[in-house]
There are 2 protein chains.
Amino acid sequence: MKRQIANSFLAVDSVIFGFDGECLRVLLTKRLNEPYLGYWSLPGGLVRVDESTAAAAVRVLEEKTGLKKVYLEQLYTFSDPDRDPRQRIVSVAHYALVRSTDHAIHAGRHTELADWFDLDEKKKLAFDHRKILDLAIERVRGQIRYKPIGFELLPTRFTLTQLQKLYEAILGTALDKRNFRKKILAMNLLEGLEEKEIGVGRKPAQYWRFDKKKYNELTQKGFVFEL
Amino acid sequence: MKRQIANSFLAVDSVIFGFDGECLRVLLTKRLNEPYLGYWSLPGGLVRVDESTAAAAVRVLEEKTGLKKVYLEQLYTFSDPDRDPRQRIVSVAHYALVRSTDHAIHAGRHTELADWFDLDEKKKLAFDHRKILDLAIERVRGQIRYKPIGFELLPTRFTLTQLQKLYEAILGTALDKRNFRKKILAMNLLEGLEEKEIGVGRKPAQYWRFDKKKYNELTQKGFVFEL
DNA sequence: CCAAAAGTGTTGCCGGTACACCCATGG
DNA sequence: CCATGGGTGTACCGGCAACACTTTTGG
């Protein structure tokens, strides 16, 4: 009954987060086969025999979205023997943070039907993917407070208002503009750029850039990011 | 060359922490076979075909130490194709916190050579187990601050000094006695017991108990443990 | 000149930290 | 009566939260 080809045991599934300026979103793909035909699911694939799961996640992500060099981290390994009705498949779930939700989806459309979904649209997903997604959300909520991962979701050049909107979207709370700016600028991790917004019918905002090098230096000296 | 029996792909390795009253320690087992014959290694074993990795970790832990019902959590999945020189084995690492280091080791001795080691004894371990151990230490250091996992390492009845010693051992810093007590007692999660120490040549200390039920209630209301 | 978002300082409060002495017991 | 660790209160300081108005641009 259980046709267990060695490497079909191990899979990766990725929770790919993007930010549209207002909401945090996840990239889902529509299943074209049984089981769960027609359901939305997390993009994933089998791990090859001589590939680490991290490498597999990177590969699958590029296959589905065309994106390379995204922030990718292991989330949790799901191993309930019944999580796939066909046969046992252990899945090492990862989560990814990508900039520019637009770019990702175009590349994905070539192969499969993929789309971005709002997080609070509590759609029913294939397999145990709802559980995986919920865990990923919880993880991102936890990490955003004390790791500067938010910048992975924004263009390299961003305004403080964009950054604040992002934090508000992820944490689900409103933040005070002045306090937010004070705190984030006090860390000295943002480099102010000369350029400003143009063509907006209002006072143009300054652009900023996250100084990853400085962050790494400070971290080694015991500094901890916290917002 | 690669004799890949299906379920031999997946293993669990456990980092089992105990506390001896002074230092945090790990339980290691001595390898009786090649490769790494004679090296110390994390206790581990293969995952059975219809068993989740969590179940496998619980089973292996009981086989090696005789302990049941310990605090056990998934840590990370290690999947470098070359991590085992014989063949590819993906390992889902867990970490466990056990009370009473004495009890654990006796049960273990029946089957294999096992012993507790001080954390800063940077012994060379088999496979990538040093990496796993280091990650586990980091994880415990991070979690002890905002999850009440410390109590899993102490007897159910403990003194505040024991608790403080534990925190100092894990965090690697000295803590102020008065501030420590104030903060932990202010959370209202410790229940003071009538009994006191006996037979010590000094003022006897009061015993306390961690009220897990109250913790769960508070947590649901948004309370977060933090020390 | 109007609409829209950008940008900017001060104050009160709470919580964290620093710090030293008396107490109860066994031997 | 001595040694040992148990147990307790206060004062200062810094960081966090609350809060409203002026500025700059495009249309």
Side-chain angles (χ1 to χ4, degrees), chain A residues 19-23 144-146 154-155 157-169 171-210 218 222-227, chain B residues 19-23 144-146 154-155 157-169 171-210 218 222-227:
Chain A
F19 182 62
D20 67 359
E22 285 294 326
C23 292
I144 195 84
R145 303 287 309 277
Y146 62 93
L154 291 175
R157 204 177 70 166
F158 52 85
T159 68
L160 292 182
T161 302
Q162 285 178 297
L163 186 63
Q164 184 179 343
K165 281 249 173 72
L166 172 63
Y167 271 85
E168 291 178 330
L171 297 177
T173 55
L175 300 173
D176 180 85
K177 184 161 58 154
R178 282 174 287 193
N179 294 334
F180 179 82
R181 283 161 188 246
K182 239 180 302 174
K183 197 160 173 187
I184 196 93
L185 292 178
M187 291 192 225
N188 261 320
L189 291 172
L190 299 189
E191 183 190 354
L193 304 180
E194 289 303 316
E195 308 106 291
K196 303 196 177 226
E197 284 184 312
I198 46 169
V200 292
R202 53 152 201 267
K203 180 170 178 178
Q206 185 177 8
Y207 282 123
W208 300 80
R209 203 173 60 74
F210 175 64
L218 288 173
F223 165 82
V224 277
F225 182 91
E226 195 187 337
L227 203 133
Chain B
F19 182 63
D20 68 358
E22 284 295 325
C23 293
I144 194 84
R145 303 288 310 276
Y146 62 92
L154 291 176
R157 205 177 69 165
F158 53 85
T159 69
L160 292 181
T161 302
Q162 285 180 296
L163 186 63
Q164 183 178 344
K165 281 250 174 70
L166 172 63
Y167 271 85
E168 289 177 333
L171 297 176
T173 55
L175 299 173
D176 180 85
K177 184 163 56 154
R178 281 175 288 192
N179 294 335
F180 180 82
R181 284 160 187 247
K182 238 181 302 173
K183 198 159 172 188
I184 196 92
L185 291 177
M187 291 192 224
N188 260 319
L189 290 172
L190 299 189
E191 184 189 352
L193 304 179
E194 289 303 316
E195 307 103 290
K196 307 197 176 223
E197 286 182 313
I198 48 170
V200 292
R202 53 153 198 268
K203 179 173 179 180
Q206 184 177 10
Y207 282 122
W208 301 80
R209 205 174 59 76
F210 175 64
L218 287 174
F223 165 82
V224 278
F225 183 92
E226 195 186 337
L227 201 133

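Any value given below was found using the heavy atoms of this structure, including those in side chains, with hydrogens, waters and symmetry copies removed. In what follows, chains are A, B, ... by sequence order, proteins preceding strands, each numbered from 1.
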(request) Starting at atom NZ of A:Lys196, determine the distance to atom C1' of D:dT23, rounded to an integer number of angstrom. (result) 11 Å
(message) Ignoring hydrogens and geometry beyond distance, is the side chain of A:Arg178 in donor-acceptor contact with the base of D:dA20 at under 3.5 Å?
(response) yes
(request) Would you indicate whether the side-chain heavy atoms of B:Phe158 and B:Leu166 approach each other to under 4.5 Å? (result) no
(request) Calculate the interatomic distance between B:Leu185 atom CG and C:dG16 atom P; express it in whole Å. (result) 14 Å
(message) Nearest whole Å is fine: how far is D:dG5 C1' from B:Gln162 CD?
(response) 13 Å
(request) Decide side-chain contact (heavy atoms from CB on, under 4.5 Å) for B:Arg145 and B:Leu171; before the verdict, give the C-alpha distance in whole Å, the side-chain angles of both, and the deciding distance to 0.1 Å. (result) CA-CA 9 Å; B:Arg145 303 288 310 276; B:Leu171 297 176; 3.6 Å; yes
(request) Mind calculating the distance between CD1 (B:Ile184) and P (D:dT8) to the nearest angstrom? (result) 15 Å
(message) Between C1' on C:dA20 and CZ on B:Arg181, what's the gap in Å once rounded to a whole number?
(response) 15 Å
(request) Take the protein atom CG of A:Asp176 and the nucleotide atom C1' of D:dG15, then report the distance between them rounded to whole Å. (result) 14 Å
(message) Main chain of A:Arg209, side chain of A:Glu191: is a donor-acceptor contact present, judged purely on distance under 3.5 Å?
(response) no
(request) Could you tell me the separation between the CD atom of A:Glu168 and the C1' atom of C:dA5, rounded to a whole number of Å? (result) 14 Å
(request) Could you state the atom-to-atom distance from CD of B:Glu197 to C1' of C:dT25 in whole Å? (result) 11 Å
(request) Flag the pair B:Trp208 / B:Leu160 as yes when at least one side-chain heavy-atom distance between them is below 4.5 Å, and no otherwise. (result) yes
(message) With a 3.5 Å cut-off and heavy atoms only, can you find an N or O donor on one side and an acceptor on the other between the side chain of B:Lys183 and the base of C:dG16?
(response) no
(message) Just to be sure I understand the geometry, which residues of residues 201-208 of chain B put a non-hydrogen atom under 4.0 Å away from DNA chain D?
(response) B:Gly201, B:Arg202, B:Lys203, B:Pro204, B:Ala205, B:Gln206
(message) Does a side-chain N or O of B:Thr161 approach OP1 or OP2 of D:dG6 to a distance below 4.0 Å, or not?
(response) yes
(message) Determine whether a donor-acceptor pair (N or O, by modelled atom type, separation under 3.5 Å) exists between the side chain of B:Glu195 and the backbone of B:Tyr207.
(response) no
(message) On a heavy-atom basis, which atom in B:Arg181 and which in B:Thr161 lie closest, and how many Å separate them?
(response) NH2-OG1, 3.3 Å
(message) Contact between A:Leu227 and A:Phe180 at the side-chain level, heavy atoms closer than 4.5 Å - yes or no?
(response) yes
(message) Heavy-atom nearest nucleotide on DNA chain D for A:Asn179 versus A:Val200: which residue maps closer to 5'?
(response) A:Asn179
